[in-house]
Amino acid sequence: MAIQQSELILNPDGSVYHLNLKPEHIAHDIIFVGDQDRVAKITKHFDSIEFSTQKREFKTQTGIYKGKRLTVMSTGIGPDNIDIVINELDALVNIDLETRKPKEKLTSLNIIRIGTSGSLHANIPVDSFVMAQFGLGLDNMLRSYLVDAVSNLEMEDAFIEHTNWDLRKGRPVVIPCSSVLEKRIESEKMHKGITATAGGFYGPQGRVLRLNIQDPILNSKMDNFLFNGTRITNLEMETSAIYGLSALLGHQALSLNAIIANRANGTFSSDPYKAVDELIEYTLEKLSK
């Protein structure tokens, strides 16, 4: 059965609605960044750029790096934007946009997020790198899907018990990263653990300006959460959404962060741009092999 126009919206030129992309515009290896200005900081390393477009916060460039075709895309901030980006990317490779029917042979994309984040532990210092072995979703976006099929229910239960989580905020969800990409990208300089994904920047991450928050000590409880030797390393706003939707749709996903702040000791990187640039160059080299 064909997917209705109201469900899969296309622009007049046949591109997907939010991303302004057609299937030929993207590579199978895709790098996500949050900030649209960071796209050029990655593609400046490319040998050539064959395609570039932008609509709203979604900027995309595709080109060649050391013989490898790569796409770099900005997603903006938050799980809601990831819902748009992953679903529209999947539509580009796994739905025939003319017949509006899913393809019989499905394509699996490789998606790597390069972001910045704050560390929750004193021994994960600023300017270091973190690889998310798991994404812990503290928002509810993934609960709109049948996510239990790909989630770690045991870790979720342990987190709920440890933090005395208020289920009125929704049930947290835990999704593992792609083991294929983990092996492809990992190195000795990577810290590994659980990346927590919040649905907002202020209250959802424990920041208090003028509004009181539901659990003022949640961050401290997260700091000492440990499950089978794995701890929560950092807090941001996209990873669990990327992992959950990718797993459900059959794509490989991995999230990497340059640590620019350490909330345990109150420090901030003296040169955060340098840390991000080093992570970019490291990731490009790994993807080109």
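Counting begins at 1 with the first residue of the sequence.
At a threshold of 4.5 Å between non-hydrogen side-chain atoms, the residues I185 and M131 count as touching. Under the 4.5 Å side-chain criterion, counting only non-hydrogen atoms from C-beta, V33 is in contact with S74. Put simply, the side chain of I160 reaches to within 4.5 Å of the side chain of P172, judged on heavy atoms. Side-chain atoms of S119 and V130, non-hydrogen and from C-beta on, never get closer than 4.5 Å to each other. For the pair S15 and L10, the minimum side-chain heavy-atom distance is 4.5 Å or more. Between L256 and L279, some side-chain heavy-atom pair lies under the 4.5 Å cut-off. T197 is not listed as a side-chain neighbour of I242, based on a closest heavy-atom distance of 4.5 Å or more. Put simply, the side chain of I213 does not reach to within 4.5 Å of the side chain of L211, judged on heavy atoms.
Between atom CD1 of residue I82 and atom CE of residue M237 there is a gap of 10.0 Å, rounded to the nearest 0.5 Å. Note that CE of M222 is 8.5 Å distant from OG1 of T163, once rounded to the nearest 0.5 Å. A distance of 11.0 Å separates OG in S128 from CD in E278, rounded to the nearest 0.5 Å.
At most 12 heavy atoms of other shown residues, nucleotides or ligands fall within 6.0 angstrom of atom CD in E98. Within a 6.0 Å radius of CD in Q214, more than 12 heavy atoms belonging to other residues, nucleotides or ligands are found. Heavy atoms from other residues, nucleotides or ligands lying under 6.0 Å from NZ of K101 number 12 at most. By the 6.0 Å contact criterion, CG on L146 is open, its count of non-hydrogen atoms from other residues, nucleotides or ligands being 12 or less. Within 6.0 Å of atom NZ in K169, more than 12 heavy atoms from other residues, nucleotides or ligands are found, so the atom counts as buried in its surroundings.
Considering only residues two or more places apart in sequence or on other chains, D35 meets the salt bridge (charged side-chain N to carboxylate O under 4.0 Å, His left out) condition with none of them. F227 is linked by a ring pair (Phe, Tyr, Trp, His ring centres under 6.0 Å) to nothing, counting only residues two or more places apart in sequence or in another chain. Residues passing the side chain to side chain contact (heavy atoms under 4.5 Å, CB included) test with Y17 are I9, N11, K55, R56, E88, sequence neighbours excluded. For R184, the salt bridge (charged side-chain N to carboxylate O under 4.0 Å, His left out) test picks out D29, with sequence neighbours left out.
Counting only N and O atoms by type, the side chains of Q133 and T230 include no donor and acceptor under 3.5 Å apart. Using a 3.5 Å distance cut-off with no hydrogens or angles, the side chains of T75 and N81 do not pair a donor with an acceptor. Side-chain contact check for T239 and T195: no donor-acceptor pair (N or O, by modelled atom type) lies under 3.5 Å. E236 and N257 share no donor-acceptor pair across their side chains, judged by distance under 3.5 Å alone.
Using a distance-only test at 3.5 Å, with no hydrogens or angles considered, no donor-acceptor pair links the side chain of Y65 to the main chain of I42. In terms of modelled atom types and a separation under 3.5 Å, the side chain of E238 and the main chain of P79 share no donor-acceptor contact. Between the K22 side chain and the D13 main chain, a donor and an acceptor come within less than 3.5 Å of each other. When atom types are taken as modelled, the side chain of H121 and the backbone of I232 share a donor-acceptor pair closer than 3.5 angstrom. Here the side chain of Q205 pairs a donor or acceptor atom with the backbone of G200 at under 3.5 angstrom. With hydrogens and angles disregarded, a donor-acceptor distance shorter than 3.5 Å links the side chain of N262 to the backbone of I124. A donor-acceptor pair under 3.5 Å is absent between the side-chain atoms of Q61 and the main chain of V72, judged by distance alone.
Between R100 and E7 there is no salt bridge, since none of the side-chain N atoms of the basic residue sits less than 4.0 Å from a carboxylate O of the acidic one. Ion pairing between a basic and an acidic side chain is recognised when a charged N comes within 4.0 Å of a carboxylate O; K66 and E285 show such pairing. Under a 4.0 Å N-O distance rule, the pair D157/R171 qualifies as a salt bridge.
Remark: of the listed residues L92, I30, I86, I30 is the sole one forming a side chain to side chain contact (heavy atoms under 4.5 Å, CB included) with L109.
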Check against side chain to side chain contact (heavy atoms under 4.5 Å, CB included), I260 and F268:
CA-CA 6 Å; I260 61 171; F268 190 83; 4.0 Å; yes
Give the C-alpha distance, both sets of side-chain angles, the deciding distance and a yes or no for side-chain hydrogen bond (donor to acceptor under 3.5 Å, both in side chains) between Q252 and S178.
CA-CA 5 Å; Q252 306 294 320; S178 161; 2.5 Å; yes
Run the side chain to side chain contact (heavy atoms under 4.5 Å, CB included) check on V85 and M73 step by step: do they pass?
CA-CA 9 Å; V85 172; M73 175 181 296; 3.5 Å; yes
Should D148 and R143 be marked as a salt bridge (charged side-chain N to carboxylate O under 4.0 Å, His left out) after you check the CA-CA gap, both sets of side-chain angles, and the distance that decides it?
CA-CA 9 Å; D148 284 351; R143 292 294 173 193; 3.0 Å; yes
Give the C-alpha distance, both sets of side-chain angles, the deciding distance and a yes or no for side chain to side chain contact (heavy atoms under 4.5 Å, CB included) between K41 and V276.
CA-CA 10 Å; K41 292 181 180 179; V276 174; over 6 Å; no
For side chain to side chain contact (heavy atoms under 4.5 Å, CB included), just list the numbers for I31 and L284, CA-CA rounded to whole Å, side-chain angles, deciding distance to a tenth of an Å, and then say yes or no.
CA-CA 9 Å; I31 296 174; L284 286 174; 3.9 Å; yes
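Considering every non-hydrogen atom in both Y243 and I175, the closest pair reads CD2-O, 3.4 Å. Pairing each heavy atom of S240 with each of G137, the nearest pair is OG-CA, 3.1 Å. When every heavy atom of N224 is checked against every heavy atom of H162, the shortest pair comes out as OD1-NE2, 2.7 Å. Taking all atoms of both residues into account, the shortest heavy-atom contact from V150 to P176 is O-CD, 3.6 Å. When all heavy atoms are compared, the tightest approach of M141 to A241 is CE-CB, 3.5 Å. The minimum heavy-atom distance between A27 and T71, with the atom names listed, is N-OG1, 2.8 Å.
In terms of hydrophobic clustering, with Ile, Leu, Val, Met, Phe, Trp and Tyr side chains grouped at heavy-atom distances under 4.5 Å, L97 and L249 are assigned to a common cluster. Taken together through direct or relayed side-chain contacts under 4.5 Å among Ile, Leu, Val, Met, Phe, Trp and Tyr, L19 and I77 form parts of separate hydrophobic clusters. Cluster membership check: I112 does not share its hydrophobic cluster with I194, using side-chain heavy-atom separations under 4.5 Å among Ile, Leu, Val, Met, Phe, Trp and Tyr. In the hydrophobic cluster analysis, where Ile, Leu, Val, Met, Phe, Trp and Tyr join through side-chain heavy atoms closer than 4.5 angstrom, F32 is grouped together with L287. Hydrophobic clustering (side-chain heavy atoms under 4.5 Å, transitive across Ile, Leu, Val, Met, Phe, Trp, Tyr) keeps M190 apart from I259.
Sequence neighbours left out, not one pair with a member in residues 168-220 passes ring pair (Phe, Tyr, Trp, His ring centres under 6.0 Å). Sequence neighbours left out, not one pair with a member in residues 195-208 passes salt bridge (Lys or Arg N to Asp or Glu O under 4.0 Å).
Ring orientation note: the planes of Y282 and F129 are tilted relative to one another, at an angle of 30° to 60°. The aromatic rings of F159 and F225 sit perpendicular, their planes meeting at an angle over 60°, well past the 30° parallel limit.
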